[in-house]
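Each chain gets a letter, A, B and so on, in the order its sequence line appears, and its residues count up from 1. Note that these values count all heavy atoms, side chains included, but never hydrogens, waters or copies made by symmetry.
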2 protein chains.
Amino acid sequence: MSENELNTEQLILIAARKVFTHKGFDGARMQDIANEAGINKALLHYYFRSKDKLFESIFKDVIKTFFPQIVSVLVADIPLFDKIHRFTESYIDILVKNPDIPVFVFHELSVNPHRLIGNIRETGADIGIIGEQLRKEAEAGNIRPVKPEHFIANLISMCVFPFIARPVLMGIMKMDAQGFDSFIEERKQIVPDDIIRSIKV
Amino acid sequence: MSENELNTEQLILIAARKVFTHKGFDGARMQDIANEAGINKALLHYYFRSKDKLFESIFKDVIKTFFPQIVSVLVADIPLFDKIHRFTESYIDILVKNPDIPVFVFHELSVNPHRLIGNIRETGADIGIIGEQLRKEAEAGNIRPVKPEHFIANLISMCVFPFIARPVLMGIMKMDAQGFDSFIEERKQIVPDDIIRSIKV
DNA sequence: CAGTAATTTAACCAAGTGGTCAAAGGTATG
DNA sequence: CATACCTTTGACCACTTGGTTAAATTACTG
């Protein structure tokens, strides 16, 4: 077997991720996933015992590949304004490659909070470091004092929301798919600029 | 019959809205809705022919009661900075009363864009007026020139996103339900302030 | 109050769902 | 080649689903 050939388990995971993120847990059919993977439905139960178990694998995987990439920039030891620029750019890049993830995650979290919230907690995301950085910059007189909760909420909101509201934004702004892509590309500059303008003294 | 007594059709609509917005179309069961309304399942099909038809009623209704309230402020003939404050306050107020609506709408739109996008188009939301206002304010030297698409995207993002990401934000910011409410209340001031700071000359 | 129409119900149905299982096919090891 | 083990499959099952229907109940109307 060649190196780049995928084994059945990987094949299932890829197919399941595609179907679950597109249709959600309730909308996804085991048969859909089997078809997408080009295998028999019973094989899904052979590798993963149930739909729930399979879903949990996917959800865990999505969270574990998403959050750390984002958090790593936020807690990095680099100047604040650099950090804001880098965060925006890398976050939007990830989202361009995975545009369905936000709606998927937030919907599942909303429908089933108690069961899935643990996966978020486990990531150990912490705003302590960025809070400290904001405090120091304010003390040094580089920015005005800001609450880290709102700073982070603003930053993440402006990056993620357009991907969640894509069809609505395309509607009210009369953009086609290509127009939306340019719009997103522009935001890599606009978002950090506006954020920095809003915190500068 | 007293005035405040609801007829069966209204009863169904209220129950259906609750179940659909909580569980989504795929997760909602006709039996759930019947139970919630305290009626027989067959009655749902008597008043609304199918699950699809019932859902469409709810979705249309949600869109029609949501969008106009938001757009009306955006196109009102009031000074820009007032408008930003009023928009934020009224939008957040609506969201506090209907916290599940954003995730519901965006998920359904994401799972079934072709079928539902018409409901958005019909609202006739238009950013022309606010675009014009921004242009004039920039000409008058009150703000710097900004692209209306990004201005609106920023404004809406910062208002709506916290409601979409509520469980995640509560997790990383270590807030309980009450803490989240205060956080949202704070944003009525923070969001317009930050937006205005970002566009002032 | 009779009779007609609108409303509500319980029982039922066909299709689709997640899940099981025994058997077949494949692969490594002695 | 035999044997044991892992992988894959088609057929199947119990249960849930949206939806139907005929009968029962209620409301309206002359």
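Put simply, CG on Asp26(B) is 10 Å from P on dG18(D), counting in whole angstrom units. One atom, CG of Asn7(A), and another, P of dG26(C), lie 19 Å apart when rounded to the nearest Å. Going from atom NZ of Lys51(A) over to atom C1' of dT17(C) covers 9 Å, rounded to whole Å. Spacing between atom CG of Leu43(B) and atom P of dA10(C) amounts to 10 Å, rounded to whole angstrom units. Taking atom CG of residue Leu11(A) and atom P of nucleotide dT9(D), one finds them 11 Å apart after rounding to whole Å. When rounded to the nearest whole Å, the span between CG of Leu54(B) and P of dG18(D) equals 11 Å. Here the P atom of nucleotide dG25(C) and the OH atom of Tyr46(A) are 17 Å apart, to the nearest Å. Following rounding to the nearest Å, Met30(A) (CE) and dT20(C) (C1') show an atom-to-atom distance of 12 Å.
Distance from the side chain of Ile39(B) is smallest for dT9(C) among the nucleotides dG19(C), dG18(C), dT9(C). For His45(B), the side-chain atoms get nearest to dG19(D) when compared with the rest of dT9(D), dT8(C), dG19(D).
Under 4.0 Å is where a charged nitrogen must lie from a carboxylate oxygen, and between Asp126(B) and Lys174(A) at least one such pair does. The pair Glu132(A)-Arg135(A) counts as a salt bridge, with a side-chain nitrogen and a carboxylate oxygen less than 4.0 angstrom apart.
Counting any heavy atom pair closer than 4.0 Å across all strands shown, Ala28(B) reaches sugar-phosphate atoms only and no base atom. As judged by a 4.0 angstrom heavy-atom cut-off over every strand, Tyr47(A) is placed among residues touching the sugar-phosphate backbone only.
Two residues are said to be in side-chain contact when any heavy atoms from C-beta on lie closer than 4.5 Å; Lys200(B) and Phe81(B) meet this criterion.
Between Arg49(B) and the phosphate of dG19(D), there is no side-chain N or O to OP1/OP2 separation shorter than 4.0 Å. Taking side-chain N and O atoms only, Arg29(B) has a distance below 4.0 Å to OP1 or OP2 of dG18(D). For the pair Thr8(A) and dT7(D), the criterion of a side-chain N or O lying under 4.0 Å from OP1 or OP2 is not met.
Note on ring orientation: taking the six-membered ring where Trp is involved, the planes of Phe163(B) and Phe180(B) are perpendicular (angle over 60°, cut-offs 30° and 60°). Between Phe55(A) and Phe104(A), the angle of the ring planes goes over 60°, which puts this pair in the perpendicular group of the 30/60° scheme.
If you check distances only, the side chain of Lys41(A) does reach the base of dG19(C) with a donor-acceptor pair under 3.5 Å.
Taking the nucleotide of DNA chain D with the nearest heavy atom to each of Ala42(B) and Gln31(B), the more 5' of the two is matched to Gln31(B).
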